[in-house]
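Down below is the structure, laid out as structure tokens.
Every number for a ligand or one of its atoms is a count from 1 in the order of the listing. Being a predicted model, the structure only gives us computed values, none of them experimental.
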Amino acid sequence: MNPAIDKLTKLMKEYEIDAAIVTQKQNIRYFSGFTSEDATLLLHPDECYLITDFRYIEQANLQCPTFKVIDAPGTKIAHFLKETLKKLDASRIWFEDNNLSYRTYTALSEELQNHELIPDNDILSSLRIRKTSEEICSIRKAASLSDKGFEYILNRIRPSVTEREIAIELEFFLRKNGSEELAFSIIAASGKNGSLPHAEPSDKKLCIGEFLTLDFGCVVNGYCSDMTRTVALGNIDSKLKEIYEITLQAQKMSLDYIGPGKKGIEVDKVARDYISSYGYGDYFGHGLGHGVGLNVHEAPTLSTKGEMLLEPGMVVSVEPGIYLPSKGGVRIEDLVVITETGYENLVSSPKHLIQL
Ligand code: ZN
Ligand code: ZN
């Protein structure tokens, strides 16, 4: 049996749920292996259905051999669900309240008046938090391709090249070498732009005396990677040097601390306290890290809200940063798997201050 469906079936029993309707892209892939998002899954312990339309029937039959593939476009979906749930005698039905649009929900609740539609409260997605060794293998490949991308782009970083050119060259390399798509649009932020944690690459040219922050991720078998490095062009002033060394030390300290049994909030605190002790606490405005898998941002969170205990098989980013408005910013991000004894770092690019 498909291990994801197996896990779900156990959970459905526990919550006394008869069937689940899945509409979120990453969950569709997780449970069925279907790589397009134009589908709805109906999961029941006796039978799993993948509902799509003519364009994807052949693909779905190839990718999801254990699913019954149904051709029911648009508004026919709700009707199919009604007929099938009746046949299966299913009354309590999970739906993904974090994903289903209001319009679809309204249509479903009209058709499924004799059934109880129950919000899953992200329980379906929570099955993805602990990864199997196969899933970790895909993330490891994605991370190792990112490392190669960083090595490649380092040789192309020089004054007068624009942020946009760097981002495009890096994207071309990653895609050409096996990344199915990008985990997210590449961030290439230099100088003052570096103080915007999610800056979009612009036509700004790289200049001597500035930082360049590169944040990017690959996708292999649907699984994402995520890494950030900040490099300097030529000599930088002592303030920039200072924030680089503090960020690096905060990152190393949180990695020394991370492991099974620790809460996300506790790991976050290690980096936050260190950065705050130098007076830069207000300039580290985001969480220390996030889970990475089929989605580049998923549970668990390493932040002031991170109450979940870390367990072996979880994959999280560790990415402290310091952002000084109108001056520049630093972020250093690795991707780690929590293991029985600690962690494995999937990113191996150097972290010392590189001055090009
Ligand atoms: Zn990132
Ligand atoms: Zn990240």
Regarding D334 and R229, does a basic nitrogen lie under 4.0 Å from an acidic carboxylate oxygen? yes
Polar side chain donor-acceptor pair, E171 to S179, under 3.5 angstrom: no
What N/O/S atom of E319 is the closest to the Zn ion (ligand 2)? OE2
I'd like the atom name of the N/O/S atom in D215 lying closest to the Zn ion (ligand 1). OD1
N, O or S atom within H290 nearest to the Zn ion (ligand 2), by name: NE2
Identify, by name, the N, O or S atom of E333 lying closest to the Zn ion (ligand 2). OE2
Aromatic centroids of H44 and Y49 separated by under 6.0 Å: no
First locate atom CE of M12, then atom CH2 of W94, and finally report the distance between them rounded to the nearest 0.5 Å. 7.0 Å
Scan side-chain atoms only and decide if K204 and S190 contain a donor-acceptor pair under the 3.5 Å cut-off. yes
Only N/O/S atoms count here: what is the atom of D226 closest to the Zn ion (ligand 2) called? OD2
Are any N, O or S atoms from H297 nearer to the Zn ion (ligand 2) than 2.8 Å? no
